[in-house]
Trainee: 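Structure in structure tokens, see below.
Quick note: residue numbers are just sequence positions, from 1.
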Amino acid sequence: MNVNILLIGRVNCNYSKRLFFILKKLSKRLDYYESSKRGEKLNSQILKKSYDYVFCFRSYVILKENFIKKIKIAAVNFHPGPPNYRGTGCLNYALYDGSKYYGCTAHLINNNKIDNGNIIDVRKFKIYKKDTLQKILDKTHEKLFYQANFLIKGLIKNNN
């Protein structure tokens, strides 16, 4: 495909790297940025470009309105938490609330609030009493990867 894509992943994240290699097969015009800390900003080279798609996967970067407006088709965030747990640290809140289910959300990125755009897809799984925090995080990231892989391939192939 001849679409221009930016993937914003996370440093030391095998799932981010796997998505990069999948996207590399789907588009010859792919930029990849790895975020490593909260509040991180995109570099000036990326900010100067325009993209058809921007995919944020476990990213710390918060996209600014002027950058979002330049995205031609869609900016999608793959968020490790269901819609009722937005923002950072959401698994901790789910556990504190005694939630029996957790999951991940794919949503469009908008200019208004963090993790607030129109929801594309939600995937959930059951939390078992024996599950550790790390086990739930591992399940979340794995489910998030499969969600991203499925949706990104569908978006690019259908160009919508």
Trainee: In Å and rounded to the nearest 0.5 Å, what is the CG to CD1 distance from Asp52 to Ile73?
Mentor: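 Taking CG in Asp52 and CD1 in Ile73, the distance rounds to 4.5 Å.
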Trainee: Please indicate whether Lys126 has more than 12 foreign heavy atoms, meaning atoms of other residues, nucleotides or ligands, lying under 6.0 Å from its NZ.
Mentor: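 Atom NZ in Lys126 is packed in, count exceeds 12.
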Trainee: Roughly how far, to the nearest 0.5 Å, is the CG atom of Leu19 from the CG atom of Asn14?
Mentor: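 Here the rounded value is 11.5 Å.
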Trainee: Minimum heavy-atom separation for Tyr60 and Lys37, please, with both atom names.
Mentor: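 Residues Tyr60 and Lys37, closest heavy atoms: CB-O, 3.1 Å.
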Trainee: Of all heavy-atom pairs between Val122 and Ile119, which one has the smallest distance, and what is that distance?
Mentor: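 So the two residues come closest at CG2-CG2, 3.7 Å.
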Trainee: Measure the shortest side-chain to side-chain distance between Val61 and Leu63 over non-hydrogen atoms and say whether it is less than 4.5 angstrom.
Mentor: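 A side-chain contact under 4.5 Å exists here.
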Trainee: Which atom names give the shortest non-hydrogen contact between Ser35 and Ser59, and what distance separates them?
Mentor: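 It is OG-CA, 3.5 Å.
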Trainee: Of the non-hydrogen atoms in Arg58 and Arg10, which two are nearest, and what is the gap between them?
Mentor: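 Looks like O-NE, 2.8 Å.
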Trainee: Nearest 0.5 Å, please: how far is SG in Cys104 from NE2 in His141?
Mentor: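 The SG atom of Cys104 is 9.5 Å from NE2 of His141, to the nearest 0.5 Å.
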Trainee: Contact between Phe78 and Leu151 at the side-chain level, heavy atoms closer than 4.5 Å - yes or no?
Mentor: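 Yes, side chains in contact.
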Trainee: Do Ile68 and Ile120 sit in the same hydrophobic cluster, where Ile, Leu, Val, Met, Phe, Trp and Tyr count as joined when their side-chain heavy atoms come under 4.5 Å apart?
Mentor: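 Unlinked, Ile68 and Ile120 end up in two clusters.
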Trainee: Would you indicate whether the side-chain heavy atoms of Ile22 and Ile152 approach each other to under 4.5 Å?
Mentor: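 The answer is no, as the side chains (C-beta and beyond) never meet within the 4.5 Å cut-off.
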Trainee: Would you check if the side chain of Asn77 reaches a backbone N or O of His107 as a donor-acceptor pair within less than 3.5 Å?
Mentor: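 Absent.
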Trainee: Any ring pair (Phe, Tyr, Trp, His ring centres under 6.0 Å) pairs touching residues 6-25, not counting sequence neighbours?
Mentor: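 Matches after skipping sequence neighbours: Tyr15-Phe145, Phe20-Tyr32.
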Trainee: If I compare all heavy atoms of Ala74 with all of Leu108, which pair ends up nearest, and what's the gap?
Mentor: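 It is CB-CD2, 4.1 Å.
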Trainee: So do the side chains of Lys17 and Glu34 get within less than 4.5 Å of each other, counting heavy atoms only?
Mentor: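 A side-chain contact exists here, since the closest heavy-atom pair is under 4.5 Å.
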Trainee: If you count the non-hydrogen atoms of other residues, nucleotides and ligands that lie under 6.0 Å from NZ in Lys124, is the total more than 12?
Mentor: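 Counting other residues, nucleotides and ligands, NZ of Lys124 stays at 12 neighbours or fewer.
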Trainee: Side-chain atoms of residues 95-103: list all donor-acceptor pairs with protein atoms under 3.5 Å, sequence neighbours left out, distances to 0.1 Å.
Mentor:
unit_1 : atom_1 : unit_2 : atom_2 : d
Asp97  : OD2    : Tyr85  : OH     : 2.8
Ser99  : OG     : Tyr101 : N      : 3.4
Ser99  : OG     : Tyr101 : O      : 2.6
Tyr102 : OH     : Pro80  : O      : 2.9
Tyr102 : OH     : Leu91  : N      : 3.2

Trainee: Phe57 and Phe55: aromatic ring centres closer than 6.0 Å?
Mentor: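 Between Phe55 and Phe57, which both carry aromatic rings, the centre distance is not below 6.0 Å.
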Trainee: Going by the rule side-chain contact (heavy atoms from CB on, under 4.5 Å), which residues pair with Asn43 if we only count those two or more places apart in sequence or in a different chain?
Mentor: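 For Asn43, the residues satisfying side-chain contact (heavy atoms from CB on, under 4.5 Å) (neighbours in sequence not counted) are Tyr33, Gln45, Ile46.
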Trainee: Considering non-hydrogen atoms only, spot the tightest contact between Ala106 and Gln147 and give its length.
Mentor: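 Closest approach of Ala106 to Gln147: N-NE2, 3.6 Å.
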Trainee: Supply the atom-to-atom distance Lys135 NZ to Lys130 NZ, rounded to the nearest 0.5 angstrom.
Mentor: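 Nearest 0.5 Å value for the NZ-NZ distance: 7.0 Å.
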Trainee: Would you indicate whether the side-chain heavy atoms of Leu6 and Phe67 approach each other to under 4.5 Å?
Mentor: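 A side-chain contact under 4.5 Å exists here.
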Trainee: How far apart are the C-alpha atoms of Arg18 and Asn149, what are their side-chain angles, what is the distance that settles it, and do they pass the side-chain contact (heavy atoms from CB on, under 4.5 Å) test?
Mentor: CA-CA 9 Å; Arg18 286 174 66 186; Asn149 181 36; over 6 Å; no
Trainee: For the side chain of Asn4 and the backbone of Ser50, is there at least one donor-acceptor N/O pair under 3.5 Å apart?
Mentor: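 Yes: the side chain of Asn4 pairs with the backbone of Ser50.
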Trainee: Please examine the side chains of Lys139 and Tyr128, heavy atoms only from C-beta on, and report whether any two atoms are closer than 4.5 Å.
Mentor: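 Touching, per the 4.5 Å side-chain cut-off.
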Trainee: Between Ile109 and Ile71, is any pair of side-chain heavy atoms under 4.5 Å apart?
Mentor: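 Not in contact.
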